Amino acid sequence: MFKPELINTMKGYKGKDFVNDLIAGVIVGIVALPLAIAFAIASGVSPERGLFTAIVAGFCISALGGTRVQIGGPTGAFTVIVFGIVAQYGYNGLVIATLMAGVLLILLGVFKMGGLVKFIPYTIVTGFTAGIAVTIATGQIGDFFGLTATNVPANFTGKLAAFWAARGTINVYSFLVALISLIVIFVWPKINKKIPGSLVVIVFATVITVILEKTNGLTLATIGSRYGSIPSSLPKPAFPQLSLDTVVQLFPSAVSIAVLGAIESLLSAVVADGMIGAKHDSNTELIAEGIANIASPLFGGIPATGAIARTATNVKNGGRTPVAGIIHAVTLLLIMLVLGRYVVYIPMAALAAVLMNVAWNMAGFPAVKALLKGQKSDITVLAVTFLITVFIDLTVAIEVGLGFAAFFFIKKMIDVSEVQTNSKSIVGGISGNGDVETIELPKDVLVYEIDGPLFFGTVRKFELAVEQAGVSYKALILRMRNTLYLDAGGLRALEQLKAACDRKGVTIIISGIHTQPYLLMQKTGTLEVLGKENVFDNITAALKRAQEVSAK
């Protein structure tokens, strides 16, 4: 059932709670201002679209979401996808892709698929996050050094080539502003942790830029010189121009936006739960994310999701209910209405420094370092996802990363699955007191113990073990106490084994069968083929049946 957390938190809500949410919401709103602008510019759209997103989507995510303290808005994770869509299809194409992503997110929530996002491997998340960080940092090289580069391509190698070609146009003053800004951002937390370094840098860099321009006639690239004026109000909702061809072409990008938005928002929700000791509703959160991503582009925005850094800032400053997130959106709206005309003076070099810091934090160096010490399969998935994200496309990176992860998982299952046989005793089981289990078998009885799932990857190993037995027997017991999973390939192997045993006059007996294999065998009719009288849930009953068969 869709029940926003805002409704739950309003029970017993007091004036003291509102004061805490008010303080946290205002602070987060101020923190979100430079980030919203910076992420919009990094995404290849005008800066006001970042503000529209933070206001509209931020309000929807807080008012309708399934978490108490989630703060939503544009994030660095989307910049790669958005930049590519805008470069190829324009803003109208981005609107269509974001609307489709919103619908997909709502469907994920409605069909209670929120928990499935947790199954995306950690190596893939780390790989594409690090890849996005590299892409963000690369995109800021031009503004960081004040380069005069025109027609910069969207792809990684193209950007590097364009910036290298423009290396002779370095603006020393822009570089100094960016470098000092970046140093201040890194050092500032040691001075004051309440006020974010990015806000301090933006304010002081803007003031210094204005002073230098008026006193020395020195001009640096600013938001105003690059994009013009900033609107002082939200635009009226507008629907995009739709065509079937565009919808089809943009659907893969919409899936990427939806998957990435779901991953980041639910990761942020989990982090928030740990900070305040609460539990979020992942499905309600996905529905809210979907609504936000439908509303945002209609009001001139871009894709949005839960933002971990802003959510953490909210919690650290006392925010405990969705009211803080709503106030954050209202604060941004008031800032745009009152101070929007001053935003045009923000230097691009300072914004580049802010985004360089974002990229550094996104890179996740500790996580990457830890994974590189692990097993080769994890390193391979990490490297493949990272490289494809940087050099090709995030959508392809997720698809290929999942493919590699699935392949290595299947291989591991094959490696750990074993088929053991012994004509005199059953080997490999452990009894309750820790001793090795030994059971004497009746004459003409053979036992195979399958350790692990019996699926398409392990079928051949099973078949080889049976072929190599070389023993004369009347009853074959398949002990499946460690086989929790069976698939169509496993069923086929059992049916083929049954046919081979029938030709030799051997009876197959199943022992220790679990729920999933039993239900699948029952549903497909395999149970009838084997005979229900030959299927048991323990080895004692199976041995008794085998003794009856061998005595005939």
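Basis for what follows: all heavy atoms, side chains included, without hydrogens, waters or symmetry-related copies. This is a predicted model, so every value here is computed, not measured.
In this structure, the separation between CD1 on Ile30 and CG on Leu332 is 9.0 Å, given to the nearest 0.5 Å.
Around atom CZ of Phe186, more than 12 heavy atoms belonging to other residues, nucleotides or ligands sit under 6.0 Å away. Within 6.0 Å of CZ in Phe111 there are 12 or fewer heavy atoms belonging to other residues, nucleotides or ligands. The local environment of OH in Tyr227 is crowded, with over 12 non-hydrogen atoms from other residues, nucleotides or ligands closer than 6.0 Å. When the shell of 6.0 Å around CD of Gln375 is examined, it contains more than 12 heavy atoms from other residues, nucleotides or ligands. Within 6.0 Å of CZ on Phe128 lie more than 12 heavy atoms contributed by other residues, nucleotides or ligands. No more than 12 heavy atoms of other residues, nucleotides or ligands sit less than 6.0 Å from atom CZ of Phe404.
Residue Val270 comes nearest to His280 through the heavy atom pair CG2-CE1, 3.9 Å, listed as atom of the first residue, atom of the second, then distance. In terms of heavy-atom proximity, Pro297 sits nearest to Ala292 at CD-O, 4.4 Å. What you find for Ala352 and Phe144 is that their closest heavy atoms are CB-N, 3.8 Å. Shown here for Ser232 and Leu337, the closest heavy-atom pair between the two residues is O-CD2, 2.5 Å. Residues Ala269 and Thr67 come closest through the heavy atom pair CB-CG2, 3.5 Å. The nearest pair of heavy atoms linking Pro4 to Ala63 is CB-O, 3.6 Å.
Partner of Leu64 under the side-chain contact (heavy atoms from CB on, under 4.5 Å) criterion, chosen from Leu6, Ile287, Ile291, Thr284: Ile291. The side-chain contact (heavy atoms from CB on, under 4.5 Å) test with Thr98 is passed by exactly one of Thr53, Asn293, Leu298, Ile81: Asn293.
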Check against ring-ring contact (aromatic ring centres under 6.0 Å, His included), Phe156 and Phe391: CA-CA 6 Å; Phe156 176 76; Phe391 290 99; 5.2 Å; yes
Check against side-chain contact (heavy atoms from CB on, under 4.5 Å), Val103 and Met100: CA-CA 5 Å; Val103 173; Met100 287 193 290; 5.7 Å; no
Verdict with reasoning, Ile223 to Ile41, per side-chain contact (heavy atoms from CB on, under 4.5 Å): CA-CA 9 Å; Ile223 288 178; Ile41 293 173; 4.3 Å; yes
Intermediate values then yes/no, side-chain contact (heavy atoms from CB on, under 4.5 Å), Leu234 and Met336: CA-CA 9 Å; Leu234 285 174; Met336 186 179 72; 4.2 Å; yes
Stepwise side-chain contact (heavy atoms from CB on, under 4.5 Å) test for Val343 and Ile37: CA-CA 9 Å; Val343 172; Ile37 294 172; 3.5 Å; yes
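Cation-pi geometry between Arg49 and Tyr91 is satisfied (NZ or CZ under 6.0 Å from the ring centre, within 45° of the ring normal).
Thr321 and Asp21 form a side-chain donor-acceptor contact under 3.5 Å, judged by distance and modelled atom types alone. Checking Ser265 against Glu285 by side-chain atom types alone, no donor-acceptor pair falls below 3.5 Å. Using a 3.5 Å distance cut-off with no hydrogens or angles, the side chains of Gln70 and Thr311 do pair a donor with an acceptor. A donor-acceptor pair shorter than 3.5 Å cannot be found between the side chains of Ser243 and Asp245.
A heavy-atom distance below 4.5 Å is found between the side chains of Val125 and Thr129. Residues Phe52 and Pro235 have side chains in contact (heavy-atom distance under 4.5 Å, counting atoms from C-beta outward).
Counting only distance, with no hydrogens or angles, the side chain of Arg320 and the backbone of Val315 share a donor-acceptor pair below 3.5 Å. Of the possible polar contacts, one joining the Asn361 side chain to the Asn357 backbone as a donor-acceptor pair under 3.5 Å is found. Counting only distance, with no hydrogens or angles, the side chain of Thr305 and the backbone of Gly261 share a donor-acceptor pair below 3.5 Å. Under the 3.5 Å distance criterion, the side-chain polar atoms of Thr79 are left unmatched by any main-chain donor or acceptor of Thr75. Between the side chain of Tyr518 and the backbone N or O of Asp537 there is no donor-acceptor pair closer than 3.5 Å. For the pair Ser62 (side chain) and Gly58 (backbone), a donor-acceptor distance under 3.5 Å is present. No donor-acceptor pair closer than 3.5 Å links the side chain of Asp378 to the backbone N or O of Thr123.
Looking at Asp143 and Arg226, a side-chain N of the basic residue comes within less than 4.0 Å of a carboxylate O on the acidic one, giving a salt bridge.
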